[in-house]
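Quick notes on the structure that follows.
Ligands are counted one by one from 1 in listed order, and the atoms in each one are counted from 1 as well. All heavy atoms count here, side chains included; hydrogens, waters and symmetry mates do not.
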Amino acid sequence: MSELTVIVPCKNEEEAIPLFYDELVKNTGFLEKRNTGLKVLFIDDGSDDGTVSAVRALNEKDPRVHLISFSRNFGKEAAMYAGLKAADSDFAVIMDADLQDPPALLEEMFSYIDEGYDSVATRRVTRKGEPPIRSFFARRFYKVMKKLSDTEIMDGARDYRLMTSQFITAVRSMTEYNRFTKGIFGWVGYETKWIDFENVDRSAGKTKWNFWGLVMYSLEGITAFSTKPLVMSSLIGIIFCFIAFVMTVFIVVRRAVFGDPVDGWASLMTVIVFLGGVQFFCTGILGQYIAKAYLEVKDRPLYLKNEKNCF
Ligand code: UDP
Ligand code: MG
């Protein structure tokens with residue numbers, strides 16, 4: 001008999017958890033037919049509401065429900081990693097607690113696994129119900145990412161993905177501190193089937209993302225999966241050297257031929273200020289990568305468990 005682990009990262013999801021559980025159980029009846037057992041692994045990512053007691057209540061009536069609880073909020077990336085690390089099953093799937101990743105797709109996803117795929121990934125084709133400004137920047141991010149990175153990151157990709165043990169082992173072997181799971185999934189390769197679905201609104205509770213959170217997440221994605229910004233800053237340097245050379249020739253010739261009426265303070269200042277800006281910008285890019293390297297070198301754990309709330 002094989003086993004499926006459903007990994008559910010939760011930050012303050014006490015209202016959503018019972019709804020999620022009911023919906024999941026309703027949609028996993030097919031597992032029995034294919035002789036696959038079910039394990040539901042909630043990850044409490046430092047919630048300060050009743051998330052732990054909501055999961056405990058489920059565990060009392062259904063022993064297939066388990067919980068890993070963190071000592072504080074470490075972020076969804078860490079929660080997904082903790083889940084995959086604990087999943088010693090043949091299959092694992094990551095799902096949001098808010099039912100934005102419809103459990104109804106699971107049966108179809110399994111049919112592709114049975115065809116021989118190593119992972120089945122999902123993608124939202126609409127962003128209905130999302131603030132337009134957020135959709136706009138999300139789209140831009142995926143466009144920029146496509147240009148900057150060799151690793152494929154699909155527009156609208158969710159973390160909702162069904163994986164075989166081979167795929168799980170591969171993702172688990174990537175222990176980096178600055179995690180960007182969407183990129184990691186693409187990086188490990190293997191045969192992946194993509195399924196499209198329409199955006200679904202949150203079942204209960206509120207989204208944990210704000211605009212700045214998403215901006216930082218995008219920067220994380222770029223620095224984690226591309227070093228092209230560094231190349232770009234070198235290129236900018238070369239371009240400015242060339243411009244400076246042309247200007248030098250121009251100014252020297254003008255001085256020699258026409259003499260030198262001393263003015264041009266305004267244009268000189270503009271150039272100095274502009275170049276100062278470009279330099280800070282490029283140093284900033286460099287700084288981002290050094291900061292990431294610094295955090296990796298420290299090799300801190302990705303999360304800490306609060307053992308008394310783990311079962
Ligand atoms: N989440 C988490 N840790 C965090 C933020 C979010 O584990 O620090 C979980 C959250 O409980 C949910 C999933 O990640 O199950 C997706 O979060 P959310 O619905 O807020 O994101 P959105 O769907 O709006 O992108
Ligand atoms: Mg959500």
Between [atom1] of [X] and [atom2] of [Y], what distance do you get to the nearest 0.5 Å?
| X | Y | atom1 | atom2 | answer |
| --- | --- | --- | --- | --- |
| Phe20 | Ile17 | CZ | CD1 | 9.5 Å |
| Thr192 | Phe167 | OG1 | CZ | 5.0 Å |
| Lys305 | Ser71 | NZ | OG | 12.0 Å |
| Glu23 | Asp101 | CD | CG | 12.0 Å |

(message) Can you see whether Phe74 has Arg72 sitting over its ring - NZ or CZ less than 6.0 Å from the centre and within 45° of the normal?
(response)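 Geometry flag: set, cation within 6.0 Å and 45°.
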(request) Please confirm whether Arg140 makes a cation-pi placement over Phe136, using NZ or CZ under 6.0 Å from the six-membered ring centre and within 45° of the ring normal. (result)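 Because its charged atom sits under 6.0 Å from the ring centre and within 45° of the axis, Arg140 does stack over Phe136.
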Name the closest protein heavy atom to [atom], giving the residue it belongs to and the distance to 0.1 Å.
| atom | answer |
| --- | --- |
| atom 8 (O) of ligand 1 | Asn73 ND2, 3.1 Å |
| atom 12 (C) of ligand 1 | Glu13 OE2, 3.3 Å |
| atom 9 (C) of ligand 1 | Pro9 O, 3.6 Å |
| atom 24 (O) of ligand 1 | Thr207 OG1, 2.6 Å |
| atom 5 (C) of ligand 1 | Lys208 CG, 3.5 Å |
| atom 16 (C) of ligand 1 | Asp96 OD2, 3.2 Å |
| atom 1 (N) of ligand 1 | Lys11 CB, 3.8 Å |
| atom 4 (C) of ligand 1 | Asp45 OD2, 3.4 Å |

(request) Mind checking whether Gln100 contacts ligand 1 via backbone (N, CA, C, O), side chain (CB onward), both or neither, at a 4.0 Å heavy-atom cut-off? (result)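 The answer is the side chain of Gln100.
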(request) Could you tell me whether Lys76 approaches ligand 1 through its side chain, its backbone, both or neither, with non-hydrogen atoms closer than 4.0 Å? (result)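 Under 4.0 Å from ligand 1, Lys76 contributes backbone and side-chain atoms.
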(message) Let's go through Tyr190 and Tyr117 carefully: what are the C-alpha distance in whole Å and the side-chain angles of both, what is the deciding distance for ring pair (Phe, Tyr, Trp, His ring centres under 6.0 Å) to 0.1 Å, and is it a yes or a no?
(response) CA-CA 8 Å; Tyr190 297 110; Tyr117 285 99; over 10 Å; no
List ligand 1 atoms under 4.0 Å from [X], heavy atoms only on the residue side.
| X | answer |
| --- | --- |
| Gly75 | 3 (N), 8 (O) |
| Cys10 | 7 (O), 11 (O) |
| Asp98 | 19 (O), 23 (O) |

(message) If you count every heavy atom of other residues, nucleotides or ligands that lies below 6.0 Å from Lys39 atom NZ, does the total exceed 12?
(response)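 Counting neighbours around NZ of Lys39, more than 12 heavy atoms of other residues, nucleotides or ligands fall under 6.0 Å, so yes.
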(message) For Lys147, is the NZ atom crowded, meaning more than 12 foreign heavy atoms sit under 6.0 Å from it?
(response)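 Not more than 12 within 6.0 Å, no.
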(message) Is there a polar contact, in the sense of an N or O pair closer than 3.5 Å, between Arg158 and ligand 1?
(response)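 Among all N and O atoms of Arg158, none is under 3.5 Å from an N or O of ligand 1.
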(request) Please name the atom of Asp98, restricted to N, O or S, that is closest to the Mg ion (ligand 2). (result)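 Result for Asp98 and the Mg ion (ligand 2): OD2.
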